[in-house]
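Lettering of chains follows the sequences in order, A, B, ..., and the numbering in each one begins at 1.
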Amino acid sequence: MRLGRRLHAVPDSGSSTPEDLLVRVGRGDREAFAALYDLVAATVYGLARRVVRDPQLAEDIAQEALVEVWRLAPQFDPTKGKAMSWIATIAHRRAIDRVRSEQSRRDREDRVAVAERTDTLGDDVSAGLMREATRASVTSCLSCLTETQREVIQLAFYDGRTYVEVAELLGIPLGTAKTRIRDGLIKLRDAVALAEGLS
Amino acid sequence: MNLPARDDLHLLAGAYALDALDDLERQRFEQHLPTCPSCQDDVASFADATASLATAVATPTPAALRQRVLNEADQTRQVSVRGHRFRSSSSGLRYLSVAAAAVLLVLGGAIGTKQFRQNRQLSARVAIVEAGDARMSHLTGGAGDVQVTYSASHGASLLVADGLPPAPAHRAYELWIIVDGTPQPSVTFQTNSKGHAVVKIGRVPPAGSILAITEEPSGGSQTPTTKPTHASPPI
């Protein structure tokens, strides 16, 4: 392989950050991509599964999103953001696209099902097999939100609802949905920053 | 539906970060984003929060997925930010990052299988950039980077400026398509305080033409009144 000699000189993936790996992937480094897969695939797949629910469909979406990460990796700029955020954005958008196109074929007034799905969210989160530290920090971050903030963020992010749909489902004004989402994200952001600062 | 007033757009940064806008509002917000540093800051700062929501639901992957992904990646060509075709796109993509990954978000979700494309209404802007026949031309000269991506199949182009200082009061930048030595006026545009602009152009520069930018009165001119600040090699 053309990069072989240099690859052997770099540390193994265990000591590489996702950012290091993604930058190398952007240079066409297939070994770095395999290592990156091992770091992020569970998140990409888990997110797809949470959003679309169907395991087989989630697998397809995860595959598409991860190949998209490979394809777009040359555009990643580590000075502008974290690799995981960049990758999660790609994966989430891909899952949302799929769930919205399905929703548009269905009756959109499926309020009962939505309410049920929202109720099970706590279990899903706790069932995620992820690093304990991160899980603990996210769980605490989510719990730092008010119930109403958590509700809108869960409906929007995990169920793929637009804020307009969220407002309709909850019977609240559009402006309230907008500000509630924004306030919740600010709180979540600050909690994540705090958790990272402490770790 | 009713489009939100401009002031309202600031409030949409959160919903945008969660992908909770419909296509129309997303387009509108993405047009607003390059001109609004506070929304850029919001969107960028929310990225880690949404990433934490993603990692919170991480799930062990099916064993077969790894090899399938690696195999498909093997067959998939990466976008190039250094190669000939997209020689100058790195600065455009830098802009995208600065604009809190606005277009990147869309690129991430929009480019994919044929089926996905058919399922979605893509914004015109993204459609140009992702078109299979998209080409990019880099305009060099003064401060900042300007590039124009154009797609014959879409019959449209997209100008992205990065680090181009705002024009003085009552002045604007104007893009010219110089065909056989004759400058044809294209669009006028402004950059924001960070030197960003994204402008759609409803035509494709013909082969052999040259793209150039001049500073003009804010209403634009029919023929250039100043020397070009930036110009491209022949298309």
K.L.:
Which one wins on heavy-atom pair count under 4.5 Å against chain A: B:Ala13, B:Ala49, B:Ala64?
P.N.:
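Option with the top pair count is B:Ala49.
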K.L.:
Tell me which of these, A:Ala48, A:Ser85, A:Ala88, has more heavy-atom pairs under 4.5 Å with chain B than the rest.
P.N.:
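Highest number of heavy-atom pairs under 4.5 Å: A:Ser85.
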K.L.:
Pick one of side chain, backbone, both or neither for A:Leu174, based on which atoms fall under 4.5 Å of a heavy atom in chain B.
P.N.:
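For A:Leu174, neither part sits under 4.5 Å from chain B.
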K.L.:
Which atoms of A:Val166 come close to chain B, meaning under 4.5 Å heavy atom to heavy atom: side chain ones, backbone ones, both, or neither?
P.N.:
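Nothing of A:Val166, per the 4.5 Å heavy-atom cut-off to chain B.
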K.L.:
With the side chain counted from C-beta on, respond yes when A:Ile61 and A:Tyr45 share a heavy-atom pair under 4.5 Å apart, and no when they do not.
P.N.:
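No. Closest side-chain heavy atoms not under 4.5 Å.
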K.L.:
Report the relative orientation of the aromatic rings in B:His32 and B:His10; use parallel for angles under 30°, tilted for 30 to 60°, perpendicular for over 60°.
P.N.:
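Perpendicular.
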K.L.:
Can you tell me which portion of A:Ile87 sits under 4.5 Å from chain B's heavy atoms? Options are side chain, backbone, both or neither.
P.N.:
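Contact with chain B: none, neither part.
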K.L.:
Side chain from CB out, backbone as N, CA, C, O: work out which of these in A:Leu185 comes under 4.5 Å of a heavy atom of chain B, or both, or neither.
P.N.:
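Contact with chain B: backbone and side chain both.
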K.L.:
Which distance, rounded to the nearest 0.5 Å, do you find between the SG of B:Cys39 and the CZ of B:Phe46?
P.N.:
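Answer for the SG-CZ pair, B:Cys39 versus B:Phe46, is 9.5 Å.
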K.L.:
Where do A:Val25 and A:Ala73 come nearest, in terms of heavy atoms and distance?
P.N.:
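Shortest heavy-atom separation between A:Val25 and A:Ala73 comes out as CG1-CB, 3.6 Å.
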K.L.:
Given that the side chain runs from C-beta out, which part of B:Arg68 has a heavy atom under 4.5 Å from chain A: side chain, backbone, both or neither?
P.N.:
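The answer is both parts of B:Arg68.
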K.L.:
Would you mind telling me which of B:Thr50, B:Asp74, B:Leu70 has the largest number of heavy-atom pairs within less than 4.5 Å of chain A?
P.N.:
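Winner by heavy-atom pair count: B:Asp74.
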K.L.:
Would you say A:Tyr163's side chain and B:Leu12's backbone share a donor-acceptor pair under 3.5 angstrom?
P.N.:
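It does not hold such a pair.
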K.L.:
Could you tell me if the side chain of A:Thr17 sits less than 4.5 Å from the side chain of A:Asp20, heavy atoms only?
P.N.:
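Of all side-chain heavy-atom pairs linking A:Thr17 with A:Asp20, at least one is under 4.5 Å.
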